[in-house]
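Everything below concerns the one structure shown next.
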Number of protein chains: 2
Amino acid sequence: MMPPRGFAKAEFLSRTTAAQAMMAEAGIDALLLTTAQEVYYFTGFLTRFWESPSRPWFLIVPASGAPIAVIPAIGAALMGQTWVSDIRTWASPQPKDEGVSLLQDALAEVVPKGGAIGVPSGAESHLRMPLADFERLKAGLPSLSVQGDAGIIAALRMIKSEAEIEKIAHACAIAGRAFARVPEIAPASMALSAIFRQFQALCLDEGADWVPYLAGAGEQGGYGDVISPAHDRALTPGDVLMLDTGLVWDGYFCDFNRNWAYGAASGDVADTHAALVDATQAGFEAAKPGATAADLYHAMAKVVGDTDAGRLGHGLGLSLTEWPSLIPTDQTELKPGMVLTLEPAKAIGAKLMVHEENIVITQEGATMLSAASVSQIPVIA
Amino acid sequence: MMPPRGFAKAEFLSRTTAAQAMMAEAGIDALLLTTAQEVYYFTGFLTRFWESPSRPWFLIVPASGAPIAVIPAIGAALMGQTWVSDIRTWASPQPKDEGVSLLQDALAEVVPKGGAIGVPSGAESHLRMPLADFERLKAGLPSLSVQGDAGIIAALRMIKSEAEIEKIAHACAIAGRAFARVPEIAPASMALSAIFRQFQALCLDEGADWVPYLAGAGEQGGYGDVISPAHDRALTPGDVLMLDTGLVWDGYFCDFNRNWAYGAASGDVADTHAALVDATQAGFEAAKPGATAADLYHAMAKVVGDTDAGRLGHGLGLSLTEWPSLIPTDQTELKPGMVLTLEPAKAIGAKLMVHEENIVITQEGATMLSAASVSQIPVIA
C-alpha cells in the first residue's frame with residue numbers, strides 16, 4: 001500500500017517549533033539552511049532541480065513563526081504550494097549578487113542586533129553556496145555572529161516521525177521486490193554493467209521515484225571494494241554478485257544490499273554470507289533504546305571480527321547516509337524513531353563481502369524495514 | 001558506437017599542467033578540491049559513493065607534479081587504479097578528525113611558508129566538507145593564506161577536450177533514442193508519475209549509466225513550472241507532456257528535453273513549439289567562437305521575447321549545469337570545445353513551454369549534439 005505523499009502541515013509546524021526550542025536553548029536567533037535535505041525537512045519543497053549547482057537556495061528558520069524562503073524565482077510556484085508563505089525571490093542566475101543581498105536583508109530583519117545565526121557546520125554537513133558569497137554575506141552583517149547550528153539539524157533529523165518511517169519502509173519494500181527479481185535480469189554471461197542498468201530499471205518498475213545510488217560488484221570469491229563502477233565483464237561461475245541500492249520514494253532513501261553466488265557458493269563464500277547474516281541478527285538484537293551506536297558496532301564485530309570497513313552501519317533518511325555512525329567511538333544513544341543500517345563486512349582473504357539491512361528503533365527494541373535474509377546465499381545457476 | 005571509458009593518462013597530465021600554469025600566474029601554490037566533479041576531472045576517480053555525505057574527499061593540485069589524494073581508506077583501492085600515486089588515507093568516519101590533520105600535513109608539505117591555497121569559491125561552486133572542519137584546517141595553517149581559485153577550475157572545465165565531447169555526445173545519443181521511444185511508454189491515460197518512471201527505465205535500457213536528473217510536466221496547454229515532481233494524474237487530450245533529462249554516461253551529462261501534445265496540439269501550443277524550435281535555431285546560428293554567452297541569449301530572446309526564465313541556456317559536462325549562463329550579463333566569450341544548452345522558454349498565458357538542445361562550439365561555428373527537432377510538435381493520440 002502506497003503511503004500518502006508529502007506531510008501534514010502539523011508535521012512541518014512541529015519540526016519547526018522543535019528546532020526553535022533547541023535554538024532558544026543554544027542562543028541561536030535564526031538557522032540558515034542551504035541543502036535539499038534541510039529545505040525539504042522544514043518546508044516539503046521537493047524537486048530534483050537541486051542537481052543543478054547554478055542556483056543557491058536559502059531557508060531561514062527564525063526564532064518564532066514559519067520559515068522564510070529566499071530562493072531563485074524559478075522555484076516560486078513550487079514553494080508556493082508548501083506551507084511557507086514568506087517567499088522572497090530573485091532572478092537567478094545573477095552571479096554578481098546571487099541572492100546574497102536579499103538573504104542579508106531577510107536575516108537582518110529577523111535577527112536582532114548582536115544576535116546569532118546558526119549554520120550547520122558539523123559532521124556530514126556542508127554549505128551549498130559559493131564560499132565567496134558566504135564571506136560576503138557575513139561581511140554584510142557585521143552586527144550579527146555566524147556560528148554552527150549546535151547540532152540541532154542532526155539531532156532533529158536523526159529521530160524520524162511515523163510518516164517518515166512509513167516512507168522509508170515503502171522505499172525498502174520497493175527495493176526488496178526489485179532484489180527478489182534479480183535472478184530474472186542477471187543470468188550468468190551478462191556483464192555487470194548491464195546488470196546495474198537493468199537493476200535500476202527494476203527499482204523504477206517496482207515504484208522507485210528515482211535511483212540516486214547503486215553500488216555493487218561481481219568478482220570471483222568476494223569483491224575488492226564496494227564503491228567501484230560496474231565493469232563490462234560477463235559474470236561466470238564463482239563470481240559473487242552484490243547490489244547495494246539507495247533508491248528514493250518521496251524524498252526518502254532505503255539503503256541495503258543483497259549477494260548472490262554464480263554457479264555455486266564456495267565454502268568460504270557460503271560461510272562468510274552466513275556469518276554476515278548472523279552479525280546483522282546480533283546487531284538487530286542489540287538495537288534498542290538506551291543502547292549506543294557503538295554497542296551495535298561491537299555486537300556485530302563480535303561475530304565478524306574487526307575490519308577496515310570503517311563502520312558497520314549508519315543512519316539514513318533524507319540522505320543515503322546520516323548520523324549516527326556504528327563505530328566504536330560514536331556514543332550516540334539510540335532512541336525510538338532512529339532508522340539505521342546494519343552493515344557488517346567480513347574479509348575473505350584479500351577480498352570482502354558485505355551484508356546490509358535497514359531497521360527502525362522502537363519503544364521496546366527494533367523492527368526490520370528490509371525483509372530479513374536467510375543465512376544461505378542465493379545461487380544463480 | 002560506444003566511446004572508450006575513462007581518459008588517457010596524457011589527458012589528466014595536460015589538465016594538471018594547464019591548471020598549474022594558471023596557478024603560477026595567479027600566485028596560487030596549491031588547489032584544494034573537494035567535489036566529485038573536481039576530483040574526477042584531475043584523477044579519473046569515478047564512483048557514485050559521493051551520494052553519501054558522511055565522508056569528505058580531498059585532492060591537492062600542487063604547483064608541480066601529480067595531484068595528491070587525501071581520502072577515506074574505503075576509496076584507496078579505486079583511487080589506486082588512477083594515475084595518482086600519492087594517496088593518503090584515514091579510517092573514516094572519524095568525526096573528531098575527519099581527515100583534517102592529514103590534509104593539513106599534506107598542504108604544509110607542498111605549500112611554502114607564506115604561500116596561498118586556492119579553493120573554488122565563485123559562481124556555481126561549493127565546498128564539500130563541514131564548515132567547522134574547514135575553519136579548523138585554516139587555523140592549523142597560520143602561515144598559509146586560503147583564498148579563491150581565481151576562476152581556474154571554471155575556466156578549465158568550460159572548454160571540453162575531444163574525449164569529453166565524445167562522452168557528452170554519447171549521452172545525448174542515448175537520450176535521443178529514449179525520447180524517440182516515448183510514444184511506446186506514454187499513452188494517454190497513463191499517469192505522469194508512471195511516465196517518469198518508465199522514461200528513466202528507457203534511458204537505462206538505451207545505455208545510460210544512471211539518470212540523476214529528470215524533470216518535466218504534463219498539463220493542459222503548457223506547464224506551470226519545470227521543476228515540480230511528477231503528479232499522479234493520467235494525461236488526457238489537451239495536455240502537453242515535457243520530459244527533460246540529465247542522464248550520465250561515464251560521468252558526463254546530457255541535458256535536453258522534448259515536448260508532446262496529447263490528442264492534438266492547440267494553435268497556441270503548436271505555434272509556441274514552432275517558435276521555440278526557431279529560437280534554438282537562431283541560437284545555434286549565433287553560436288561561434290568570438291560571440292558571447294549574452295549574444296546567444298539575445299539571438300533567442302529576439303524570437304521568443306524576454307521571459308522570467310532567468311536564462312536561456314548554460315554550459316554542461318561533469319555537472320548538469322555549468323558556466324557560462326546564457327543571460328544578458330554574461331559576457332563569456334565562446335571558444336571551441338564549449339558545450340552548451342540552448343533552452344528558450346516562451347509564455348502561453350499563465351503557462352509556459354521550454355525547448356532545449358545541446359551544442360558544441362567548433363572552430364567555425366557549432367555542431368548539434370542532440371538531434372535537431374522539427375517545428376511541428378509530435379502528437380500522442
Side-chain angles (χ1 to χ4, degrees), chain A residues 46-49 51-54 72-75 77-78 91-96 98 119 121-132 148 196-198 200-201 204-205 207-215 224-229 246 308-311 314 319-321 325 327 329-330, chain B residues 46-49 51-54 72-75 77-78 91-96 98 119 121-132 148 196-198 200-201 204-205 207-215 224-229 246 308-311 314 319-321 325 327 329-330:
Chain A
L46 183 65
T47 171
R48 288 171 70 170
F49 200 62
E51 186 66 37
S52 165
S54 298
I74 198 170
L78 184 57
S92 176
Q94 197 175 308
K96 277 177 192 160
E98 202 62 88
V119 179
S121 304
E124 313 206 15
S125 75
H126 75 273
L127 181 75
R128 190 189 178 278
M129 69 183 287
L131 265 184
F196 266 44
R197 285 197 180 89
Q198 298 220 17
Q200 294 175 87
L204 292 159
D205 190 50
D209 291 338
W210 61 305
V211 189
Y213 187 69
L214 175 63
D225 77 85
V226 295
I227 69 169
S228 289
D308 294 338
R311 64 177 172 183
H314 53 79
S319 299
L320 175 70
T321 69
S325 283
I327 52 177
T329 55
D330 192 328
Chain B
L46 182 66
T47 171
R48 288 172 70 171
F49 200 62
E51 185 64 38
S52 165
S54 297
I74 197 169
L78 185 57
S92 176
Q94 196 174 309
K96 278 178 191 158
E98 202 62 271
V119 179
S121 304
E124 314 207 14
S125 74
H126 76 273
L127 181 76
R128 190 188 177 277
M129 69 182 287
L131 264 185
F196 266 44
R197 283 196 183 89
Q198 298 219 16
Q200 293 175 89
L204 291 160
D205 191 48
D209 291 338
W210 60 303
V211 189
Y213 187 68
L214 176 63
D225 77 87
V226 294
I227 70 169
S228 289
D308 295 338
R311 64 176 172 182
H314 53 79
S319 299
L320 175 71
T321 69
S325 284
I327 53 177
T329 55
D330 192 329

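Only heavy atoms go into these numbers, but all of them, side chains included; no hydrogens, no water, no symmetry mates. Note that the structure is a prediction, hence the values are computed from the model and not measured.
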Min side-chain heavy-atom separation B:Ser54-A:Leu320 under 4.5 Å: no
Top of A:Glu98, A:Arg48, A:Glu124, A:Met129 for chain B proximity - count of heavy-atom pairs under 4.5 angstrom: A:Arg48
B:Leu127 CG to A:Leu127 CG distance, which is reported to the nearest 0.5 Å: 8.0 Å
Contacting moiety of A:Ile227, where chain B heavy atoms sit under 4.5 Å: both
Flag side-chain contact, heavy atom, 4.5 Å: B:Asp209 against A:Pro229: no
Residue selection (most heavy-atom pairs with chain A, distance under 4.5 Å) from B:Gly122, B:Ala77, B:Gly75, B:Pro72: B:Gly122
Contact origin within A:Ser325 toward chain B - heavy atom pairs under 4.5 Å: side chain
Between A:Ser92 and B:Arg311, a side-chain donor and acceptor under 3.5 Å: no
Separation of B:Leu214 CG from A:Leu204 CG (nearest 0.5 Å): 10.0 Å
Side chain proximity check, A:Ser228 to B:Leu46, heavy atoms < 4.5 angstrom: no
Residues that B:Ser121 engages under side chain to side chain contact (heavy atoms under 4.5 Å, CB included), provided they are two or more places apart: A:Leu131, A:Ala132, B:Val119
Side chain to side chain contact (heavy atoms under 4.5 Å, CB included) against B:Ser125, all qualifying residues, sequence neighbours excluded: A:Pro130, B:Pro120
Contact origin within A:Glu51 toward chain B - heavy atom pairs under 4.5 Å: both
Residue part contacting chain B, namely of A:Tyr213, when any heavy atom lies under 4.5 Å: both
Residue among A:His314, A:His126, A:Lys96, A:Gln200 with most heavy-atom pairs under 4.5 Å to chain B: A:Gln200
For chain A, the option from B:Ser52, B:Gly148, B:Ala215, B:Ala201 that forms the most heavy-atom pairs under 4.5 Å: B:Ser52
